[in-house]
Amino acid sequence: MNPTQALAIYNSLTGEKENFEPIIPGKVGMYVCGPTLYSEPHMGNMRTFINFDLIYRYFLHLGYQVKYVRNITDAGHITNSAGEAVDSIGKAARLEQVQSLEIVYKYNVKFQELQRIYNLLPPSIEPTATGHIQEQIEIIEKIIENGFAYIVNGSVYFDVRTYGKEFEYGILSGRKVDELAEETRELNAQDEKRFFADFALWKKAHPEDMQIWRSPWGDGNPGWHIECTAMSTKYLGDRFDIHGGGLDLKFPHHEDEIAQSCGSVGCNPANYWLHANMLNVNGQKMSKSLGNYFLPKEIVDGTTTVFDKPYLPQVIRFCMMQAHYRSTLDFTQDSLNAAEKGFMRLSEAYEKLGSLETKETSSVDVQALVDSFYNAMNDDFNAPMLVAGLFEAVKYINTVFEGKATISASDLKLLTKEFTGFVFDVLGLTIEKASSDQALTAAMDLVLDMRRSARENKDWGTSDKIRDRLAEAGIVVKDSKEGATWVVK
RNA sequence: GGUCUCGUGGCCGAGUGGCUAGGCACCGGUCUGCAAAACCGUAUACUCCGGUUCGAAUCCGGACGAGACCUCCA
């Protein structure tokens with residue numbers, strides 16, 4: 001590795017790019033908020049997970065030993081500001097007339113499948129909220145002990161006002177408690193909370209609840225935020241390097257995690273807070289009501305009506321890599337088609353790498369090119385800049401292939417190592433070999449052989465007829481000096 | 001209503017106080033029996049109005065527009 005600049009990360013907590021300094025040299029502890037499994041994760045969820053997969057992969061590429069924890073939220077109780085329980089998993093379970101765990105299990109299987117399809121590296125640990133109820137209770141007890149929470153009628157609430165005397169509530173989101181008071185539209189008059197901004201750590205069970213746990217305060221369910229605090233603390237300690245998640249979790253979820261950690265162990269849990277931006281479709285945030293909502297599996301299968309053709313998962317991933325993780329990204333038919341063609345070009349250049357002829361010297365500064373890959377990623381994981389650098393390499397590879405530029409043996413070795421390293425290991429792309437259908441391949445060999453004979457006899461009529469009829473069947477024939485190749489569209 | 005972000009060429013999308021991001025499309029060229037494909041190359045931009053500056057699309061202010069969060073959300 002030859003980065004000419006240090007790894008800088010944009011820290012949402014400070015609003016600035018900071019040089020990355022791990023707590024333990026050579027090691028990284030990273031926690032990312034995973035999905036709530038009350039439905040199949042949609043494409044927008046996937047973008048967040050793909051972006052953090054990129055970050056995970058880059059740390060690994062730099063040689064860090066990474067402990068990557070991404071939780072699974074399988075306890076449905078979440079409370080809104082009015083203190084009302086919103087049990088999304090229980091709701092889904094009732095709708096499908098099954099138990100909560102069945103819902104969670106069903107969607108977890110789908111989520112695992114999606115991770116395979118989109119080539120996500122498995123995290124070091126995927127803990128579940130329901131597996132850490134005891135830890136959550138212990139943290140709540142500690143917060144109560146420290147005076148930052150109170151018990152009302154079997155529920156426990158975090159006391160934001162008392163907390164605010166010692167710590168700063170709103171340190172991450174920039175919200176001020178006073179402002180929040182004015183902004184909040186309506187408060188529930190029946191509220192058990194002492195203050196509108198207080199949030200539930202533990203919620204007393206309702207008779208119709210499908211999942212109930214025992215606690216010192218009676219039967220109930222954990223609050224949403226405490227789940228993440230418990231799991232991150234258990235596996236990464238009171239203080240770790242990176243906490244990530246979608247931008248929409250910044251407030252209140254992450255803000256409340258900070259409050260819970262400060263309120264229990266006295267410090268912000270993470271040194272660097274990273275937030276991945278949202279995915280838009282045709283210019284708008286993906287949503288069911290707008291009709292631009294689709295699942296990661298549907299776009300691959302071509303079963304969504306949003307786009308008129310299927311796309312390979314690696315094309316979708318590549319499309320995402322052309323935008324920075326902190327920017328919104330707009331998926332449109334055009335942007336996906338552009339990514340598809342660009343990805344093909346990248347793939348084809350990769351396949352040429354193995355057959356390049358080397359010369360005494362290189363006509364391009366390969367080391368500088370490789371440095372640009374690292375510098376791009378070291379600048380807050382700027383994948384689009386990396387992709388631009390990779391296309392510089394593509395152009396170079398192509399011109400060498402055409403005999404219009406030269407590369408030395410040592411530079412070719414370097415370029416091959418780093419180019420493939422960044423394409424496969426860092427960006428997480430996969431390049432599939434052409435059709436593995438042996439019967440089709442044999443038939444095509446025969447057809448193209450007959451066409452070649454026709455062409456040798458200047459029988460253009462037959463040659464063109466074969467070409468056109470194959471095109472109608474969805475097979476595109478590409479002629480080149482080395483002969484004809486084909487590809488199924 | 002409050003807080004915040006953003007507004008880049010036909011599309012997607014980086015970046016920077018003065019030095020061409022990149023991809024796709026377009027156009028030109030090479031190649032080809034023709035075409036496609038492939039490859040190479042050129043062009044097009046920084047919402048508007050003020051201000052700071054030798055110089056701003058890049059900094060500041062305002063206008064307009066878009067989006068996010070404030071309620072579950074990746």
Side-chain angles (χ1 to χ4, degrees), chain A residues 15 32-36 38-39 41-52 76 78-82 84 86-88 91 170 173-176 179-186 197 224 244-253 275-280 283-287 318-319 321-324 326-346 348-349 352 372 376 379 382-392 394-395 397-399 401-402 404-405 455 458-460 463-464 467-468 471 476-482 484-487:
Chain A
V32 172
C33 293
T36 299
Y38 64 96
S39 66
H42 63 239
M43 204 65 235
N45 293 286
M46 285 308 291
R47 162 133 119 122
T48 297
F49 301 137
I50 287 171
N51 274 139
F52 282 105
I78 291 166
T79 49
N80 62 23
S81 70
E84 295 156 347
V86 182
D87 179 6
S88 42
K91 230 160 83 183
S173 60
R175 288 172 198 283
K176 303 276 177 280
E179 286 168 0
L180 279 167
E182 290 162 20
E183 294 156 16
T184 304
R185 288 172 189 145
E186 49 190 78
W224 174 37
L247 190 60
D248 48 358
L249 296 184
K250 197 171 180 182
F251 187 88
H253 186 56
H275 290 97
N277 216 136
M278 305 289 101
L279 177 71
N280 286 173
Q284 290 172 298
K285 184 180 173 178
M286 182 181 271
S287 104
F318 177 70
C319 189
M321 293 299 118
Q322 287 183 288
H324 188 91
R326 280 194 288 121
S327 300
T328 53
L329 166 64
D330 195 16
F331 260 20
T332 63
Q333 190 88 51
D334 285 347
S335 67
L336 287 165
N337 285 342
E340 188 172 51
K341 299 203 82 164
F343 180 68
M344 291 266 284
R345 196 157 159 246
L346 190 71
E348 281 163 17
K352 284 179 194 164
S372 78
D379 183 11
N382 197 323
M385 226 151 73
L386 165 62
V387 171
L390 290 172
F391 274 104
E392 288 298 314
V394 166
K395 190 177 289 181
I397 290 166
N398 286 331
T399 46
F401 189 77
E402 303 261 314
K404 290 172 185 163
R455 285 161 63 79
K458 300 206 189 300
D459 179 2
W460 309 126
S463 169
D464 291 354
R467 180 217 287 164
D468 295 343
V476 179
V477 176
K478 301 177 184 180
D479 291 316
S480 73
K481 282 175 213 157
E482 291 78 30
T485 57
W486 56 279
V487 62

K.L.:
Once each nucleotide of nucleotides 19-25 of chain B is scored for protein heavy atoms under 4.0 Å, what B/S/- sequence comes out, 5' to 3'?
P.N.:
--BSBSS
K.L.:
Considering only atom C1', compute the distance from B/U53 to B/A14 and round it to an integer number of Å.
P.N.:
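Result for the C1' pair: 26 Å, nearest Å.
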K.L.:
Which of these, A/Lys352, A/Glu348, A/Lys404, sits in a side-chain hydrogen bond (donor to acceptor under 3.5 Å, both in side chains) with A/Asn398?
P.N.:
A/Lys352
K.L.:
B/G15, OP1 or OP2 - any side-chain N/O from A/Asn382 closer than 4.0 Å?
P.N.:
yes
K.L.:
Grab the CG-P distance between A/Asp479 and B/G33 for me, whole Å please.
P.N.:
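It works out to 10 Å between those atoms.
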K.L.:
Between B/G23 and B/C60, how far apart are the C1' atoms? Round to whole Å, please.
P.N.:
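Those two atoms are separated by 34 Å.
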K.L.:
May I have the step-by-step check of side chain to side chain contact (heavy atoms under 4.5 Å, CB included) for A/Glu392 and A/Ser372, ending in yes or no?
P.N.:
CA-CA 10 Å; A/Glu392 288 298 314; A/Ser372 78; over 6 Å; no
K.L.:
Any idea which of B/A74, B/A14, B/A38 is nearest the A/Lys352 side chain?
P.N.:
B/A38
K.L.:
Do A/Leu329 and A/Gln322 have side chains that approach each other closer than 4.5 Å (heavy atoms only, starting at C-beta)?
P.N.:
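Result no, sub-4.5 Å side-chain heavy-atom pair not found.
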K.L.:
Return the nearest nucleotide to the side chain of A/Thr399; candidates are B/C40, B/A35, B/A14.
P.N.:
B/C40
K.L.:
Starting at atom CG of A/Asp468, determine the distance to atom C1' of B/C34, rounded to an integer number of angstrom.
P.N.:
11 Å
K.L.:
With rounding to whole Å, what would you report as the distance between B/U3 and B/G15 at their P atoms?
P.N.:
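One P to the other, the span is 27 Å.
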K.L.:
Distances under 3.5 Å between protein N/O atoms and the N/O atoms of nucleotides 66-69 of chain B, please, pair by pair.
P.N.:
from, atom 1, to, atom 2, distance (Å)
B/C69, OP1, A/Lys285, NZ, 2.7
B/C69, O2', A/Arg175, NH2, 2.8
B/C69, O2, A/Arg175, NH2, 3.2

K.L.:
How many whole angstroms separate atom CG of A/Leu249 from atom P of B/A74?
P.N.:
6 Å
K.L.:
Does B/C26 have a Watson-Crick or wobble partner in any strand here, with both distances under 3.5 angstrom, and which is it?
P.N.:
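Partner of B/C26: none.
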K.L.:
A/Phe49 CZ to B/A74 P: how many Å, rounded?
P.N.:
7 Å
K.L.:
Take the protein atom NE2 of A/His324 and the nucleotide atom C1' of B/U8, then report the distance between them rounded to whole Å.
P.N.:
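Spelled out: NE2 on A/His324 to C1' on B/U8 is 17 Å.
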K.L.:
Looking only at heavy atoms, what is the nearest atom pair of A/Ala339 and A/Cys319, with distance?
P.N.:
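Shortest heavy-atom contact: CB-CB, 3.6 Å.
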K.L.:
For the P atoms, the ones on B/U58 and on B/G51, what distance do you get once it is rounded to whole angstrom?
P.N.:
14 Å
K.L.:
Please give the nucleotide sitting opposite B/A45 as a Watson-Crick or G-U wobble pair, both distances under 3.5 Å, or none.
P.N.:
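No nucleotide pairs with B/A45.
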K.L.:
What nucleic acid atoms does A/Leu279 come within less than 4.0 Å of, heavy atoms only: base, sugar-phosphate, or nothing?
P.N.:
base
K.L.:
Could you work out the separation of B/U8 and B/A57 based on their P atoms and round it to a whole Å?
P.N.:
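Going atom to atom, P in each nucleotide, I get 15 Å.
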K.L.:
Given B/G13, B/A37, B/C34, which nucleotide is nearest the side-chain atoms of A/Asp464?
P.N.:
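The answer is B/C34.
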K.L.:
CZ of A/Arg467 versus P of B/G33: gap in Å, rounded?
P.N.:
12 Å
K.L.:
Check whether any side-chain heavy atom of A/Met46 sits under 4.5 Å from a side-chain heavy atom of A/Asn51, and report yes or no.
P.N.:
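No; the side chains remain at least 4.5 Å from each other.
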K.L.:
A/His253 has an atom NE2; how far is it from atom P of B/U71, in whole Å?
P.N.:
16 Å
K.L.:
Just call it for A/Glu340: base, sugar-phosphate, or nothing, with non-hydrogen atoms closer than 4.0 Å on any strand.
P.N.:
nothing
K.L.:
Considering only atom C1', compute the distance from B/G9 to B/U5 and round it to an integer number of Å.
P.N.:
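It works out to 23 Å between them.
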K.L.:
If you look at every strand shown and take non-hydrogen atoms under 4.0 Å, does A/His42 touch a base, only sugar-phosphate, or nothing?
P.N.:
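Touches a base.
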K.L.:
Please lay out, stage by stage, how A/His324 and A/Asn277 fare under the test side chain to side chain contact (heavy atoms under 4.5 Å, CB included).
P.N.:
CA-CA 9 Å; A/His324 188 91; A/Asn277 216 136; over 6 Å; no
K.L.:
The side chain of A/Thr36 is closest to which nucleotide in this list: B/A74, B/A36, B/G33?
P.N.:
B/A74
K.L.:
Which base, if any, makes a Watson-Crick or G-U wobble pair with B/C34, both distances under 3.5 Å?
P.N.:
none
K.L.:
List the steps, then state whether side chain to side chain contact (heavy atoms under 4.5 Å, CB included) holds for A/Arg326 with A/Leu247.
P.N.:
CA-CA 9 Å; A/Arg326 280 194 288 121; A/Leu247 190 60; over 6 Å; no
K.L.:
If I compare all heavy atoms of A/Asp379 with all of A/Met385, which pair ends up nearest, and what's the gap?
P.N.:
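Heavy atoms of A/Asp379 and A/Met385 come nearest at OD2-CE, 4.0 Å.
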K.L.:
Touch check for A/Ala276, heavy atoms < 4.0 angstrom, all strands: base, sugar-phosphate only, or nothing?
P.N.:
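Result for A/Ala276 = nothing.
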K.L.:
Taking for each residue the nucleotide of RNA chain B with the nearest heavy atom, is it A/Ser463 or A/Val477 whose nucleotide lies nearer the 5' end?
P.N.:
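The 5'-side residue here is A/Ser463.
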K.L.:
Roughly how far apart, to the nearest Å, are B/C54 and B/U47 at atom P?
P.N.:
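So the two P atoms sit 24 Å from each other.
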K.L.:
How long is the line joining CZ of A/Phe401 and C1' of B/A38, in whole Å?
P.N.:
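For the pair A/Phe401 CZ and B/A38 C1', the rounded distance is 10 Å.
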K.L.:
With sugar-phosphate meaning primed atoms plus P, OP1 and OP2, does A/Gly245 contact a base, only sugar-phosphate, or nothing at under 4.0 Å between heavy atoms?
P.N.:
sugar-phosphate
K.L.:
Could you measure between the two P atoms, the one in B/C4 and the one in B/A63, and give it in whole Å?
P.N.:
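B/C4 and B/A63 have their P atoms separated by 15 Å.
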K.L.:
Is there a Watson-Crick or G-U wobble partner for B/A66 with both distances under 3.5 Å, and if so, which one is it?
P.N.:
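B/U5 is the nucleotide pairing with B/A66.
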K.L.:
Go ahead and name the base partner of B/G50; Watson-Crick or wobble counts if both distances stay under 3.5 Å, otherwise write none.
P.N.:
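B/G50 is paired, partner B/C60.
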K.L.:
From A/Asn45 CG over to A/Ser39 OG, what is the distance, rounded to the nearest 0.5 angstrom?
P.N.:
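Rounded to the nearest 0.5 Å, the CG-OG separation comes out at 7.5 Å.
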K.L.:
Would the distance check show the side chain of A/Ser463 and the main-chain N or O of A/Asp459 forming a donor-acceptor pair, the cut-off being under 3.5 Å?
P.N.:
no
K.L.:
From B/A74, B/C12, B/A14, pick the nucleotide closest to the side chain of A/Ser327?
P.N.:
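Nearest nucleotide to the side chain: B/A14.
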K.L.:
Before giving the answer on side chain to side chain contact (heavy atoms under 4.5 Å, CB included), spell out for A/Val394 and A/Leu346 the whole-Å C-alpha distance, their side-chain angles and the decisive distance to 0.1 Å.
P.N.:
CA-CA 6 Å; A/Val394 166; A/Leu346 190 71; 3.6 Å; yes
K.L.:
Using 0.5 Å steps for rounding, measure from the NE2 atom of A/His275 to the SG atom of A/Cys33.
P.N.:
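Nearest 0.5 Å value for the NE2-SG distance: 8.0 Å.
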K.L.:
Indicate whether OP1 or OP2 belonging to B/C39 is found under 4.0 Å from a side-chain N or O atom of A/Asn398.
P.N.:
yes
